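Beneath this line is the structure, given in structure tokens, with notes to follow.
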Amino acid sequence: MQRRSFLQLLTLGGSSLVFPGYCAGNSTGEDESIKDYLYRMSHPDNAYEGDITASSPEKPLLSGLTDRLGRVQSVVGHGHFNVLSFDNMLRFGRRYSAIGAFNKAETDFLEKLFYQDAVRYGFHGEKPLSQLTESIDRKAIVKLPYTGQYLFKGAPLELYRKIRRDVGDTITLTSGVRGVVKQMHLFLRKASRNQGNLSLASRSLAPPGYSFHGTGDFDVGRIGLGARNFSEAFAKTEEFRKLIDLGYIDIRYPLANNLGVRFEPWHIKIT
């Protein structure tokens with residue numbers, strides 16, 4: 001592998017940032033900043049000094065919303081929840097007592113979460129979805145049998161079929177299309193389980209609006225590996241080696257990326 005300079009490392013992924021503690025012209029400062037940053041990315045579930053957490057008044061909202069979104073998922077079903085729009089989520093809340101209507105404080109918090117610049121949390125990825133109320137065209141997606149997941153028709157579906165054909169039936173779709181609501185639930189649940197730490201959540205989950213699962217990307221894994229498919233364990237599998245050897249993989253968040261996101265060898269980049 002070609003050795004990259006510090007400046008090349010900074011511009012990996014098409015953006016630039018300065019690591020905490022970096023001092024231009026000080027090689028020791030550069031080295032320590034890189035080491036600290038890479039350590040955080042390889043240990044994303046630890047809390048670190050400087051992490052942004054929800055405020056005291058926001059933490060109960062965060063926890064309550066995580067529970068309410070979980071009830072939405074139970075009522076509408078996991079597959080449907082993956083592609084549910086924000087407006088339809090609100091309608092289901094008003095319609096079903098098992099969910100309960102979302103109040104103004106909750107919708108204000110979700111709106112703030114969506115429109116706030118995620119750089120604040122340390123996430124430097126692009127934002128492909130600009131509107132909280134963006135919906136997924138049901139005619140543009142297809143549900144994959146035995147997975148409970150959807151893929152966009154066209155390039156994503158064609159690539160997945162090619163992967164299955166050439167890598168083998170031990171590889172499967174683990175996460176396909178995700179709308180804003182699904183991404184909100186994943187992000188809020190991660191933060192809620194970690195004392196409201198939004199920076200910690202953003203190191204392993206794109207904040208709402210920033211996920212390319214809403215435009216075509218998808219995740220794959222090895223059948224039988226379970227939750228370890230969403231860890232570096234997948235990079236050690238024969239399936240991943242075949243993906244690399246066949247040139248099918250274009251990783252959205254590569255090793256040592258500068259986007260503030262852990263290495264995701266399972267995430268297939270489309271756009």
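Keep in mind the model is a prediction, meaning the values are calculated, not measured.
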Shortest non-hydrogen separation from [X] to [Y] and the atoms involved:
{"X": "Ala98", "Y": "Val75", "answer": "CB-CG2, 4.2 Å"}
{"X": "Ser204", "Y": "Asp45", "answer": "OG-OD1, 4.2 Å"}
{"X": "Val261", "Y": "Asn257", "answer": "O-ND2, 2.9 Å"}
{"X": "Ser192", "Y": "Thr66", "answer": "CB-OG1, 3.8 Å"}
{"X": "Phe218", "Y": "Gly176", "answer": "CB-CA, 4.1 Å"}
{"X": "Ala118", "Y": "Pro207", "answer": "CB-CG, 3.7 Å"}

[X] side chain to [Y] main-chain N or O, any donor-acceptor pair under 3.5 Å?
{"X": "Arg203", "Y": "Asn46", "value": "yes"}
{"X": "Ser42", "Y": "Leu38", "value": "yes"}
{"X": "Tyr150", "Y": "Gly79", "value": "no"}
{"X": "His43", "Y": "Tyr39", "value": "yes"}
{"X": "Asp51", "Y": "Tyr48", "value": "yes"}
{"X": "Arg68", "Y": "Ile99", "value": "yes"}
{"X": "Ser199", "Y": "Ile52", "value": "yes"}
{"X": "Tyr37", "Y": "Gly260", "value": "yes"}
{"X": "Asn197", "Y": "Thr53", "value": "no"}
{"X": "Gln183", "Y": "Gly209", "value": "no"}

Just so I know, are the side chains of [X] and [Y] near enough to count as touching, which here means a heavy-atom distance under 4.5 Å?
{"X": "Leu132", "Y": "Met184", "value": "yes"}
{"X": "Val220", "Y": "Phe234", "value": "yes"}
{"X": "Leu113", "Y": "Pro208", "value": "yes"}
{"X": "Asp219", "Y": "Ile268", "value": "no"}
{"X": "Thr215", "Y": "Ile270", "value": "no"}
{"X": "Leu84", "Y": "His80", "value": "yes"}

Got a second to check how far [X]'s [atom1] is from [Y]'s [atom2], nearest 0.5 Å?
{"X": "Thr174", "Y": "Asn229", "atom1": "OG1", "atom2": "CG", "value": "6.0 Å"}
{"X": "Asp250", "Y": "Leu159", "atom1": "CG", "atom2": "CG", "value": "10.0 Å"}
{"X": "Glu49", "Y": "Arg40", "atom1": "CD", "atom2": "CZ", "value": "7.5 Å"}
{"X": "Ile171", "Y": "Glu238", "atom1": "CD1", "atom2": "CD", "value": "11.0 Å"}
{"X": "Phe114", "Y": "Thr133", "atom1": "CZ", "atom2": "OG1", "value": "8.0 Å"}
{"X": "Leu205", "Y": "Ser211", "atom1": "CG", "atom2": "OG", "value": "8.5 Å"}

Evaluate side chain to side chain contact (heavy atoms under 4.5 Å, CB included) for Leu151 paired with Ile141, printing each intermediate quantity in order. CA-CA 5 Å; Leu151 281 178; Ile141 61 176; over 6 Å; no

Could you work out, with salt bridge (charged side-chain N to carboxylate O under 4.0 Å, His left out) as the rule, every residue matching Lys112, not counting sequence neighbours? Glu58

With sequence neighbours excluded, tell me which residues meet salt bridge (charged side-chain N to carboxylate O under 4.0 Å, His left out) with Arg161.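 Result, salt bridge (charged side-chain N to carboxylate O under 4.0 Å, His left out) vs Arg161: none returned.
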
Side-chain donor-acceptor pair present, Gln116, Tyr121, cut-off under 3.5 Å: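 Yes, a side-chain donor-acceptor pair sits under 3.5 Å.
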
Are side-chain N/O atoms of Asn82 and His213 paired as donor and acceptor at under 3.5 Å? no

Ring center gap for His267 and Phe212 short of 6.0 angstrom: no

Hey, would you say the Phe263 and Tyr253 ring centroids sit under 6.0 Å apart?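 No: the rings miss the under 6.0 Å criterion.
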
If Ile, Leu, Val, Met, Phe, Trp and Tyr residues are connected whenever their side-chain heavy atoms lie under 4.5 Å apart, and connections chain through other members, are [X] and [Y] in the same group?
{"X": "Leu200", "Y": "Phe123", "value": "no"}
{"X": "Phe187", "Y": "Val119", "value": "no"}
{"X": "Phe81", "Y": "Val83", "value": "no"}
{"X": "Ile244", "Y": "Leu255", "value": "yes"}
{"X": "Leu90", "Y": "Val180", "value": "yes"}

Could you check whether atom NZ of Lys153 has more than 12 heavy atoms from other residues, nucleotides or ligands sitting under 6.0 Å from it? yes

Is atom CD of Glu134 surrounded by more than 12 heavy atoms (other residues, nucleotides or ligands) closer than 6.0 Å?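 Enclosed: over 12 neighbouring heavy atoms sit under 6.0 Å from CD of Glu134.
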
Walk me through whether Lys242 and Glu239 qualify under salt bridge (Lys or Arg N to Asp or Glu O under 4.0 Å). CA-CA 5 Å; Lys242 287 182 179 178; Glu239 288 75 14; over 6 Å; no

Kindly indicate, with the supporting measurements, whether the criterion salt bridge (Lys or Arg N to Asp or Glu O under 4.0 Å) is fulfilled by Arg252 and Asp217. CA-CA 9 Å; Arg252 174 72 63 184; Asp217 286 10; 2.9 Å; yes

Using the side chain to side chain contact (heavy atoms under 4.5 Å, CB included) criterion, which residues pair with Arg193? Sequence neighbours excluded.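 Arg193 satisfies side chain to side chain contact (heavy atoms under 4.5 Å, CB included) with Arg189 once adjacent residues are dropped.
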
